[in-house]
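Here is the structure we will look at, set down as C-alpha cells.
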There are 2 protein chains.
Amino acid sequence: MIRTISAKPNRANSGRCAACAVRSLSICGALDQSDLAEFERISRHVRLGPREGLFAAGQAASSVHNLTEGVARLYKLLPDGRRQVIGFALPGDFLGLAPSDRYSFSADAIDSVSVCRLSREAFTHFIGQRPHFLIRINEFAARELMLAQEQMLLLGRRTAEEKVAAFLVVWRERLKQIDDDRQTIALPMSRQDIADYLGLTIETVSRTLTRFEREEMLVIVAGGVRLLDPARAEAMAAA
Amino acid sequence: MIRTISAKPNRANSGRCAACAVRSLSICGALDQSDLAEFERISRHVRLGPREGLFAAGQAASSVHNLTEGVARLYKLLPDGRRQVIGFALPGDFLGLAPSDRYSFSADAIDSVSVCRLSREAFTHFIGQRPHFLIRINEFAARELMLAQEQMLLLGRRTAEEKVAAFLVVWRERLKQIDDDRQTIALPMSRQDIADYLGLTIETVSRTLTRFEREEMLVIVAGGVRLLDPARAEAMAAA
DNA sequence: GTCGCCGGTTGATCCAGATCAAGTTCGGCG
DNA sequence: CGCCGAACTTGATCTGGATCAACCGGCGAC
C-alpha cells in the first residue's frame with residue numbers, strides 16, 4: 001500500500017521532464033529519453049512561495065535542486081548579520097555543486113519558485129553512470145566559476161556606479177537567455193538584495209538608480225527598470 | 001624521425017607522474033597506473049621563472065595546467081588597469097576549468113613555478129574516457145566555487161582588518177595542506193598582490209599588518225609573517 | 001663601497017559611500 | 001475608503017579606507 005502511494009506521484013507526473021520548458025537550458029539538456037525517465041523517477045517537483053527557503057547554510061546537504069520557475073537568492077551570512085548575496089538563480093540553474101556534505105550558503109525563493117529536488121545520494125549515483133551528463137555538470141560548474149570570478153572583480157575593484165550598471169547589463173542578458181526579452185528589465189529582488197549582491201548599501205543602490213533615471217539612462221518602473229540607453233550602461237559596466 | 005624526437009621527452013620523463021610529490025593532492029590523485037602513463041604521455045612539464053606568464057586573459061585557451069611547484073597569481077584586469085587577484089594557485093591546483101575557448105583570467109608565476117601543461121583537446125579527450133576522473137575534476141570545481149563564494153563574502157562585506165586576518169588564516173591553512181607547516185607563514189606574493197586580492201590598497205594592507213604586529217598578534221619577517229596569536233586571527237577572520 | 005631602485009612603511013588629507021534620519025509611495029486589509 | 005507597514009527614496013553628516021606624498025632599507029649593478 002505504501003509502495004503504491006509513493007509510486008503515485010511519479011505516475012501522475014509522467015512526462016513532466018519531457019515537457020519541461022527549461023530542459024534544454026538546464027543540466028537535463030544532456031539527457032536522452034531513457035535518462036530523462038530515470039531522472040524523473042528520482043526527482044520530485046516542489047513549489048515554494050515567496051520568501052520560503054530551499055535550504056540553509058550549515059544544514060546537511062541532502063538534496064540538489066534544479067530551478068524550473070521563478071527566481072531564488074543565494075546568500076551567505078556573517079555571525080553579526082551582514083549578508084552577501086552570492087547570486088540569483090533563474091530557471092535552468094542548477095544548485096548542487098557542493099564540495100562538502102553541508103550547504104555552504106542559503107537559498108530562498110524571491111517570487112514563486114518551482115524546483116526539481118533530488119536526493120544527493122540518488123543524484124551522485126545517477127551521474128556516476130552517465131559520463132556525458134558529468135561533462136554537462138562540469139560545463140555548468142565552469143560557467144558558475146567564471147561568473148564568480150567576474151563578481152570578485154566587481155566587488156573588489158568597481159565603483160558603485162559601475163556595480164549597478166554592470167548588474168543591470170548582466171541581469172538583462174540572463175533574462176534574455178531564458179527568453180524574457182522585454183524592453184523592461186524585471187527586477188523581482190528587493191533593493192536590499194541588490195545592495196547585498198553588489199557590496200553596497202540600499203541607499204547607494206537607490207540613489208544610483210535615481211541618478212541613472214535623472215540622466216535618462218533608464219526609467220524606474222514597478223518591478224523593474226526600462227533601459228533607455230543600453231549602450232551607455234554597457235560602457236559603464238565594461239570599465 | 002620526427003616521431004622519434006617527439007617521443008623522446010616522454011621517455012626521458014618516464015615515471016615523472018608516478019614520482020610527482022603532489023599527485024595525491026591534485027586531480028591526478030584519481031588516476032591509476034595506466035591512466036597515469038597516458039596522462040604523462042599527453043602532458044608536458046614546464047618551468048617558469050618569477051613573473052613569467054602561464055597564460056593571459058583573452059588568449060585562446062589552448063592548454064590546461066596542473067601546478068606542481070611554486071605559487072602563481074590569477075587575476076583579472078579592467079581596461080584602466082585596476083586589477084583583481086582572483087586567487088593564488090599552489091602545488092596541486094588545477095587551472096583549466098574554463099567555460100569558453102578563451103582564458104577569462106591571466107595567470108603568472110610569483111616565484112619559480114613548475115606546471116604540467118596539456119593541450120585542452122587532449123585533456124578533453126582524456127577525461128571523456130574516464131568518468132572517475134571527471135568526478136574528481138568536479139570535486140575540484142565545486143571546491144573552487146565554494147572558495148570563490150567565500151571570497152565574495154569577504155570582498156563585499158568584510159572590513160579591511162577582517163580581510164587581512166582572514167587572508168592570513170586561510171593562507172596558513174592552505175600551506176599546511178601542502179605540508180608547509182612552519183610557524184612562519186610564507187608570503188611569496190607582494191603587498192600589492194595581497195591588496196588586489198582583498199580589494200584594498202597596498203597602504204591599507206601594510207598599515208593593517210603593522211598594526212597587527214604592534215598589537216602582538218604577529219611578527220612581520222622577511223618573506224612572510226609569524227602568527228603569535230592564531231586564535232585572535234581566527235576570531236577576526238570569522239566575523 | 002655607494003648609487004639607484006624597488007618594495008614596503010608611515011603620515012596627512014580627502015572623498016565615495018556608509019550611516020543616520022526623515023519622508024514618500026503603494027499595496028493590502030479592516 | 002483610510003489606515004498600516006514595507007519598500008523605497010531623499011537629505012545631512014560621518015568615516016573607513018583611498019589618495020597623495022615622503023621616507024626607509026636592502027640589494028644588485030658597477
Side-chain angles (χ1 to χ4, degrees), chain A residues 49-51 71 73 78 80-85 110-112 154-168 185-215 218-226 236, chain B residues 49-51 71 73 78 80-85 110-111 154-168 185-215 218-225 236:
Chain A
R51 307 189 164 276
V71 182
R73 100 188 116 234
L78 287 171
D80 65 2
R82 280 175 288 173
R83 187 177 71 149
Q84 179 67 39
V85 169
I110 286 177
D111 48 13
S112 287
L154 179 143
L155 289 168
R157 288 296 180 226
R158 297 180 110 104
T159 64
E161 169 177 295
E162 291 166 353
K163 285 177 177 182
V164 175
F167 168 67
L168 292 175
I185 306 174
L187 296 175
M189 70 293 284
S190 70
R191 295 286 187 272
Q192 187 63 64
D193 289 335
I194 298 174
D196 286 346
Y197 182 56
L198 301 177
L200 298 172
T201 58
I202 185 173
E203 291 95 331
T204 298
V205 171
S206 182
R207 274 187 248 274
T208 305
L209 284 173
T210 310
R211 184 158 59 77
F212 284 169
E213 186 169 44
R214 206 164 44 235
E215 294 169 354
L218 51 76
V219 186
I220 300 170
V221 297
V225 299
R226 176 179 301 246
M236 273 186 188
Chain B
R51 304 187 165 277
V71 182
R73 97 187 120 234
L78 286 171
D80 65 2
R82 280 174 288 173
R83 187 178 71 150
Q84 179 66 38
V85 170
I110 286 176
D111 48 14
L154 179 143
L155 289 168
R157 289 298 182 223
R158 297 180 108 104
T159 64
E161 169 178 295
E162 289 166 354
K163 285 177 177 183
V164 175
F167 168 67
L168 293 176
I185 306 174
L187 297 175
M189 70 291 285
S190 69
R191 294 287 187 270
Q192 187 64 63
D193 289 335
I194 299 175
D196 287 345
Y197 183 57
L198 300 177
L200 297 172
T201 57
I202 185 173
E203 293 95 330
T204 299
V205 171
S206 182
R207 274 188 247 275
T208 304
L209 285 173
T210 311
R211 184 158 59 75
F212 285 169
E213 185 168 45
R214 207 164 45 235
E215 293 169 354
L218 52 74
V219 186
I220 299 170
V221 297
V225 300
M236 273 186 187

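Each chain gets a letter, A, B and so on, in the order its sequence line appears, and its residues count up from 1. What you see below is based on every heavy atom in this structure, not just the backbone, and it leaves out hydrogens, waters and symmetry mates.
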Go through [options] for me and flag the one nearest to the [X] side chain.
X: A:Glu203; options: C:dC20, C:dG8, D:dG17; value: C:dC20
X: A:Thr210; options: D:dT10, C:dA18, C:dG8; value: D:dT10
X: A:Ser206; options: C:dT10, D:dA18, D:dC8; value: D:dC8

Distance in angstrom units between [X] [atom1] and [N] [atom2], rounded:
X: A:Met189; N: D:dC8; atom1: CE; atom2: C1'; answer: 16 Å
X: B:Glu161; N: D:dG16; atom1: CD; atom2: P; answer: 11 Å
X: B:Leu200; N: D:dG16; atom1: CG; atom2: P; answer: 14 Å
X: B:Arg82; N: C:dA16; atom1: CZ; atom2: P; answer: 13 Å
X: A:Arg191; N: D:dA7; atom1: CZ; atom2: C1'; answer: 9 Å
X: B:Asp193; N: C:dG8; atom1: CG; atom2: P; answer: 9 Å
X: B:Gln192; N: C:dT9; atom1: CD; atom2: P; answer: 12 Å
X: A:Ile220; N: C:dC26; atom1: CD1; atom2: C1'; answer: 15 Å

**Report entry** A:Ile194 side chain reached by A:Ser190 side chain, heavy atoms, under 4.5 Å
**Finding:** no

Query raised in the report: Any side-chain heavy atom of A:Val219 sitting closer than 4.5 Å to one from A:Val225?
Result: no

Report task. Describe the nucleic acid contact of A:Gly223 in one word from base, sugar-phosphate, nothing, applying a heavy-atom distance below 4.0 Å. Result -> nothing

Requested in this report: Using a 4.0 Å heavy-atom cut-off across all strands, classify A:Leu209 as base, sugar-phosphate, or nothing.
Outcome: nothing

Query raised in the report: Can a side chain N or O of A:Ser190 be found less than 4.0 Å away from OP1 or OP2 on D:dA7?
Result: no

Requested in this report: Look at B:Thr159 and D:dG16 and indicate whether a side-chain polar atom (N or O) is within less than 4.0 Å of OP1 or OP2.
Outcome: no

Query raised in the report: Quick one: do B:Glu161 and B:Arg211 make a salt bridge, cutoff under 4.0 Å?
Result: yes

Query raised in the report: Do A:Arg82 and B:Glu162 sit within salt-bridge range, that is, some charged N less than 4.0 Å from a carboxylate O?
Result: yes

Query - 5'-most by nearest nucleotide on DNA chain C - A:Thr201 or A:Ala222 - result: A:Thr201

Report summary line: Contacts of B:Arg51 and B:Arg207 projected onto DNA chain C by closest heavy atom; the upstream (5') one is B:Arg51

Query raised in the report: Quick one: side-chain contact (heavy atoms from CB on, under 4.5 Å) partners of A:Arg51, sequence neighbours excluded?
Result: A:Arg73

Query raised in the report: When the nearest nucleotide of DNA chain D is assigned to A:Thr204 and to A:Arg157 on a heavy-atom basis, which residue is associated with the more 5' position?
Result: A:Thr204

